[in-house]
Amino acid sequence: MTRQIISTEEYDILMQSMRDNFDIQDEPKVGIFWYDPKRDELFGVYKMGISETDFNHQGRKTISTLHRKIWETEQRKANAAGKADTVWQGDYTDMPRGRVFQYPSGEMAVMVGSWIDEYTNLCRMIMIEFDLPENTVFMVGKHWEIGHGWSE
């Protein structure tokens, strides 16, 4: 490992790079998450500010990372560390999960399964985690139902 001291010029550039982000700290985020009903908490949250991503070919904003890929990576890490009792065991579709999108109109939408109806607090938790506005829409789709995924 090499250790270096940051030059004054580089330090100024880095500080300005961070200052440039002051105004977007609370902007809505797109991304993915899982919900652990036993702990009543979100986990595996991967998100990105809407100003940090572009609309995809289908006219939606979301992160490109898939639930399945994150689950496989986290499962390998847990297994390598000898932690077989983590939430990352089993199939990625066994836990409630969802994805946050932004539409071209600016509207934010959270895609989930019908399991969302069982957890009264959860919509608020998701809105806080992703800095979503009050007019965010929650939509139910079969892909996000427990047990469903790409193999359907």
Side-chain angles (χ1 to χ4, degrees), residues 1 14-152:
M1 178 177 84
L14 296 173
M15 292 293 96
Q16 186 57 50
S17 296
M18 291 188 289
R19 275 191 293 276
D20 289 346
N21 294 319
F22 280 158
D23 293 337
I24 62 169
Q25 294 303 295
D26 296 325
E27 75 175 354
K29 315 290 187 293
V30 292
I32 63 174
F33 62 89
W34 280 271
Y35 175 66
D36 183 346
K38 291 178 185 171
R39 293 189 174 129
D40 189 30
E41 65 184 18
L42 298 174
F43 73 98
V45 174
Y46 286 76
K47 59 188 174 182
M48 179 182 294
I50 58 173
S51 66
E52 299 175 274
T53 188
D54 296 321
F55 287 102
N56 61 26
H57 297 295
Q58 292 77 35
R60 310 292 186 270
K61 281 188 182 185
T62 192
I63 63 171
S64 60
T65 308
L66 300 175
H67 280 97
R68 187 163 110 184
K69 180 63 177 170
I70 291 170
W71 190 272
E72 290 168 354
T73 300
E74 293 298 331
Q75 197 173 60
R76 278 194 305 272
K77 286 196 259 183
N79 289 338
K83 297 179 179 176
D85 61 343
T86 70
V87 293
W88 301 108
Q89 298 308 308
D91 187 74
Y92 79 100
T93 66
D94 292 341
M95 295 289 275
R97 71 187 194 288
R99 179 175 287 270
V100 181
F101 289 88
Q102 182 189 35
Y103 284 85
S105 65
E107 180 179 53
M108 302 300 293
V110 181
M111 306 302 167
V112 292
S114 58
W115 49 262
I116 192 79
D117 297 334
E118 297 175 39
Y119 308 105
T120 55
N121 256 9
L122 188 52
C123 290
R124 177 62 43 200
M125 288 170 59
I126 294 166
M127 290 178 68
I128 291 168
E129 180 68 38
F130 287 87
D131 294 307
L132 299 173
E134 288 299 319
N135 65 345
T136 297
V137 176
F138 283 76
M139 301 174 79
V140 172
K142 70 178 181 174
H143 176 79
W144 294 279
E145 294 290 357
I146 294 173
H148 288 268
W150 290 107
S151 60
E152 54 188 52

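Applying the salt bridge (Lys or Arg N to Asp or Glu O under 4.0 Å) definition to pairs two or more places apart or across chains, those involving residues 99-125 are Arg124-Glu134.
Considering CD1 of Ile70 and CD of Gln75, their distance stands at 13.5 Å, rounded to 0.5 Å. Atom CZ in Phe101 sits 14.5 Å away from atom CD1 in Ile50 (nearest 0.5 Å). To the nearest 0.5 Å, atom NZ of residue Lys29 and atom CD1 of residue Ile63 are 13.0 Å apart. Atom CG of residue Leu66 and atom CZ of residue Arg68 lie 8.0 Å apart, to the nearest 0.5 angstrom.
Looking at residues two or more places apart in sequence or on another chain, you find a salt bridge (Lys or Arg N to Asp or Glu O under 4.0 Å) between Lys77 and Glu74. Taking Ser114 as the reference, Glu145 meet the side chain to side chain donor-acceptor pair (under 3.5 Å) condition, with sequence neighbours excluded. Here Asp36 pairs with Arg39 under the salt bridge (Lys or Arg N to Asp or Glu O under 4.0 Å) rule; sequence neighbours left out. Partners of Glu41 according to the salt bridge (Lys or Arg N to Asp or Glu O under 4.0 Å) rule, which considers only residues two or more places apart in sequence or in another chain, do not exist here. Qualifying salt bridge (Lys or Arg N to Asp or Glu O under 4.0 Å) partners for Lys47, counting only residues two or more places apart in sequence or in other chains: Glu129.
In this structure the side chain of Arg60 reaches within 4.5 angstrom of the side chain of Pro104, judged on heavy atoms. Taking the side chain as every heavy atom from C-beta outward, Val112 and Pro96 never approach each other to under 4.5 Å. Side-chain atoms of Met111 and Met139, non-hydrogen and from C-beta on, do get closer than 4.5 Å to each other. Residues Gln102 and Pro28 form no side-chain contact, since every pair of their non-hydrogen atoms from C-beta on lies 4.5 Å or further apart. Two residues are said to be in side-chain contact when any heavy atoms from C-beta on lie closer than 4.5 Å; Met108 and Asn135 fail this criterion. The shortest distance between side-chain heavy atoms of Ile126 and Leu42 falls below 4.5 Å. Looking at Met48 and Thr62, their side chains never come closer than 4.5 Å, going by heavy atoms from C-beta outward.
The heavy-atom pair separating Met95 from Pro37 by the smallest distance is CE-CD, 4.2 Å. Contact between Tyr103 and Ala109 at its shortest, heavy atoms only, is CE1-CB, 3.4 Å. The minimum heavy-atom distance between Ile32 and Thr65, with the atom names listed, is CD1-O, 4.1 Å. The minimum heavy-atom distance linking Asp94 with Ile146 is given by the pair O-CG2, 3.7 Å. Minimum heavy-atom separation, Thr86 to Ala78: OG1-CB, 3.6 Å. Taking every heavy atom of both residues into account, Asp131 and Glu27 meet most closely at CB-O, 3.4 Å.
At least one donor-acceptor pair closer than 3.5 Å links the side chain of Lys61 to the backbone N or O of Thr53.
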**Request:** Test Asp40 against Met125 for side chain to side chain contact (heavy atoms under 4.5 Å, CB included), laying out the working first.
**Result:** CA-CA 10 Å; Asp40 189 30; Met125 288 170 59; 3.9 Å; yes

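Just one residue in the list Trp71, Trp144, Tyr92 forms a ring pair (Phe, Tyr, Trp, His ring centres under 6.0 Å) with Trp34, and that residue is Trp71.
Ring-plane geometry between Trp115 and Tyr35 is classed as parallel, the angle between the planes falling under 30 degrees on a 0 to 90 degree scale with a further cut at 60.
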